[in-house]
Number of protein chains: 4
Amino acid sequence: MADASGAPRRRDAAATRQALLEAARRRFTRLGYDGTTLREVAADAGVNLALIKRYFDSKEGLFKAAIASTPRALGGPAGVPGDRARLADALSRQLSADAWPEFGEHPVLMLLRVSGDEQVDALRRAALQDFTRQILDGSGTGPEKDPERLLRAELLVALGVGVAVIRSAVGLQPLRDATPDALRGPLRDVIDALLGPESEPVEG
Amino acid sequence: MADASGAPRRRDAAATRQALLEAARRRFTRLGYDGTTLREVAADAGVNLALIKRYFDSKEGLFKAAIASTPRALGGPAGVPGDRARLADALSRQLSADAWPEFGEHPVLMLLRVSGDEQVDALRRAALQDFTRQILDGSGTGPEKDPERLLRAELLVALGVGVAVIRSAVGLQPLRDATPDALRGPLRDVIDALLGPESEPVEG
Amino acid sequence: MADASGAPRRRDAAATRQALLEAARRRFTRLGYDGTTLREVAADAGVNLALIKRYFDSKEGLFKAAIASTPRALGGPAGVPGDRARLADALSRQLSADAWPEFGEHPVLMLLRVSGDEQVDALRRAALQDFTRQILDGSGTGPEKDPERLLRAELLVALGVGVAVIRSAVGLQPLRDATPDALRGPLRDVIDALLGPESEPVEG
Amino acid sequence: MADASGAPRRRDAAATRQALLEAARRRFTRLGYDGTTLREVAADAGVNLALIKRYFDSKEGLFKAAIASTPRALGGPAGVPGDRARLADALSRQLSADAWPEFGEHPVLMLLRVSGDEQVDALRRAALQDFTRQILDGSGTGPEKDPERLLRAELLVALGVGVAVIRSAVGLQPLRDATPDALRGPLRDVIDALLGPESEPVEG
DNA sequence: AATGAATGAGCTTTCATTCAT
DNA sequence: GATGAATGAAAGCTCATTCAT
């Protein structure tokens, strides 16, 4: 569907692997694990089906690689630095309608469902815990580890997941086409509500 | 798994149909569309596989019926009446760990994914719009239909969806086992943040 | 290859199962486990491939059923009764060229190779031990259980297995086309050599 | 598994070919034709898979070479010389439990099954006829070529084949672990029974 | 109304083989 | 001479669906 770009890309293992990985990521993100067939992934990548076994061993291996190669940073180059405004900004961009054009959908969707394999579950949990930690780090308050604070950060993660899921599954308007600008205000309000007033502007 | 209650329930169309529907709802909710097999649904219901065709025509027909039969009320018997505290209360109960024991998971999960069929999409959209409307109705402010207010309500719906999805997919703690009491505070904060301060207690 | 007899034999579970079993037995006997494909077995039986799953669950299930349904009696209706001449007679008939026309080969061939599955191994071992016991029973001597006597009986079983294998694999002449009459003399000599002179003609 | 001896054995065609051949012989003997995969053979030999094509052209080519390179001598360095005792001795050693440690199983097992290819069949037949001839030569009687005598020699070959097959396939005890000493007596009896009393010790 | 036999299509996986380098 | 990338065909298995009682 995508990369079958005429020239058969012969004899380039790295490129072939990469093409398969990207095709898989797109399909897994949009269609889920069961909805994705290896034949179609191979066709998208423009290579032979059996190469999936060669490079990823099995469908599960391909899925794990796809999950592992998914972007995890919430915000800028080095994650989200420490203040509330930047967190709101990062989230509103991440959750806007036209983010992730190369996936077709928000990549977090790949983290959901399938279940069963313990290793996959661990990967998914780790990814989401990563998001939670980034939110806490970016919330501009000390690392006081009280459980309610953790719960509140997880609720913010849940909000993000829910936005991605709803957009992908049913496309409610106006959420479906919301721009970063439209989301920034409401998200900032939610962040403040969940994480409390920003701790003193430490830096003057 | 459930209703194979010995006596073969011969010749009771309505009961048979109902048994199939409930079995299907449970499986679709927990395992998704692809993960649910008609044989198992029929076995759960204790009836013959071919009756699914008779009553629902096809797997998709069964799925549609399951979606259509899913509870839509956010709160009490007639939805959520008009004040902020009750909305927070209803949501915290709905999203707590042990709600919906008869489904195994939060029923909203059935509304997600599969896609493709236009009719199914319409059903799902309608269900989620229903939630949005109930939230707006329950938010204690006038029905001023500005789009941002709608977006903010949808974000609250997204939060709920996200909680259900995360709990089902990966089970982050402490969110996974959160009780209604643990959720009430944070949710109240989010509600207030998204829907603004409650309009003056109209009734004096 | 065999039973695709025009009329599709619709709606007769027992007959369908039987047809599959016979087709499987023929193929397993001639071609071994790996050499037998379920598609061909189904084609031979003139039924759909998926029915193998229905009736035997898997290839291994089919194989087990085929082994279990294989004849085990060395001789007459009730095994080999007690004297040397009848044992020689039974063996020479069993190992002659044109025995087992309905299998294509000697059914003992199905008992060989594949390995791996413990349950299958047990079935095979039991079948061959059955033969050994029948030989000892038919040897006209007391049941003195000394190990060498057991070893000698097993060598006789080995001779039978070897004849079947050689005939099937390479077809050495004159062994390949040997008639019961041609085999009786040599086999009688071997039996006597292995099991010792017949114990006193009891009914002297 | 065997020859991956560190240094990549570069540029030594004969050694590479030999390593492949030995690895193939081991696998074919233990696992049969279908159970042997070329990738594993190549891995055992520590060489690249494609070299099998270079040296043996195909899986069948490799199999033919493996068959052709299998030991055919029944007894000592120059086959079995002429007397009955030595034949029994040679056979009992050949058929004992721990003969052929370098194959894992008795090499005659490679001669069985697969079928189909005429050339392979000819090789196998020739090998078994070789055994038959050695037996007749070693039986201490004149080369009177009557067919029954041939049949009797073939039955002895069949006994050997059967022992190897049973040991490999199911492992009946006590045959499975029989030592040369345990086999010598019974085999001597069978030899005498099949080939008749030794003709006068011609050589004084 | 209800049952269970039968089917066709499609999936993942496995291999021998071929092709560039 | 040797390597590793790439391919095509076929296998076992699963499932929604249809057909005959």
Side-chain angles (χ1 to χ4, degrees), chain A residues 8-17 34-42 45-62, chain B residues 8-14 16-17 34-42 47-55 57-62, chain C residues 8-17 34-42 45-62, chain D residues 8-14 16-17 34-42 47-55 57-62:
Chain A
R9 187 185 25 248
R10 293 215 153 173
R11 315 286 132 171
D12 184 345
T16 297
R17 207 193 113 100
D34 289 320
T36 296
T37 78
L38 298 188
R39 270 185 172 78
E40 289 169 330
V41 170
V47 305
N48 186 278
L49 166 63
L51 293 182
I52 292 178
K53 186 203 162 84
R54 188 193 235 292
Y55 292 118
F56 303 97
D57 197 61
S58 68
K59 186 178 190 178
E60 256 199 38
L62 180 60
Chain B
R9 188 185 26 249
R10 291 226 152 173
R11 319 281 140 162
D12 183 345
T16 296
R17 208 194 111 99
D34 289 320
T36 297
T37 76
L38 296 188
R39 268 193 169 72
E40 289 169 330
V41 169
V47 307
N48 185 276
L49 167 63
L51 293 183
I52 292 179
K53 186 200 161 81
R54 174 176 290 283
Y55 291 124
D57 193 59
S58 68
K59 189 179 189 178
E60 260 202 32
L62 179 61
Chain C
R9 186 186 29 248
R10 294 217 152 173
R11 315 286 133 176
D12 183 345
T16 296
R17 208 194 112 101
D34 289 319
T36 296
T37 78
L38 298 188
R39 275 183 168 78
E40 289 169 330
V41 169
V47 306
N48 185 277
L49 166 63
L51 292 183
I52 293 178
K53 185 204 164 86
R54 187 193 236 293
Y55 292 118
F56 303 97
D57 196 61
S58 68
K59 187 179 189 179
E60 257 200 38
L62 180 60
Chain D
R9 189 188 22 252
R10 291 226 151 171
R11 319 282 139 161
D12 184 345
T16 297
R17 207 193 113 100
D34 289 319
T36 296
T37 76
L38 296 189
R39 268 193 168 72
E40 290 169 328
V41 169
V47 307
N48 185 276
L49 167 62
L51 294 183
I52 292 178
K53 185 201 161 81
R54 175 177 289 284
Y55 291 123
D57 193 60
S58 69
K59 188 179 190 179
E60 259 202 33
L62 179 61

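One can place CD1 of C/I52 at 8 Å from P of F/dG12, the figure rounded to the nearest angstrom. Distance, C/L51 CG to F/dT14 C1': 13 Å, rounded to whole Å. Distance B/D57 CG to F/dA16 P: 14 Å, rounded to the nearest Å. Taking atom CZ of residue C/R17 and atom P of nucleotide E/dA6, one finds them 13 Å apart after rounding to whole Å.
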When the side chains of residues 50-61 of chain C are checked against the rest of the protein, which donor-acceptor pairs come out under 3.5 Å, sequence neighbours left out?
residue : atom : partner : partner atom : Å
C/S58   : OG   : C/E60   : N            : 3.4
C/S58   : OG   : C/G61   : N            : 3.1
C/K59   : NZ   : C/Y33   : O            : 3.0
C/K59   : NZ   : C/T36   : O            : 2.8

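Distances from the side chain of C/S58 to the nucleotides F/dT18, F/dT7, F/dC13 place F/dC13 closest. The side chain of B/R54 has E/dA2 as its nearest neighbour among E/dA2, E/dA6, E/dT7.
If C/Y55 and B/Y55 are placed on DNA chain E by their nearest nucleotide, the residue sitting closer to the 5' end is B/Y55.
The two residues C/D34 and D/G35 come nearest to each other via the heavy atoms OD2-N, 4.4 Å.
Note on A/T16: a side-chain N or O is less than 4.0 Å away from OP1 or OP2 of F/dA6. Regarding contacts with the backbone of E/dT14, a side-chain N or O of A/K53 is found under 4.0 angstrom from either OP1 or OP2.
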Give the dot-bracket string for DNA chain E, reading 5' to 3', where a pair is Watson-Crick or G-U wobble with both distances under 3.5 Å, ( ) marks pairs inside the strand, [ ] marks pairs crossing earlier ones, | marks a partner on another strand, and . marks unpaired. .||||||||||||||||||||
What nitrogen or oxygen pairs link the protein and nucleotides 9-11 of chain E at under 3.5 Å?
residue : atom : partner : partner atom : Å
E/dG10  : O6   : C/R39   : NH2          : 3.4

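To the nearest 0.5 Å, the span separating CD on A/E40 from CG on A/L49 amounts to 11.5 Å.
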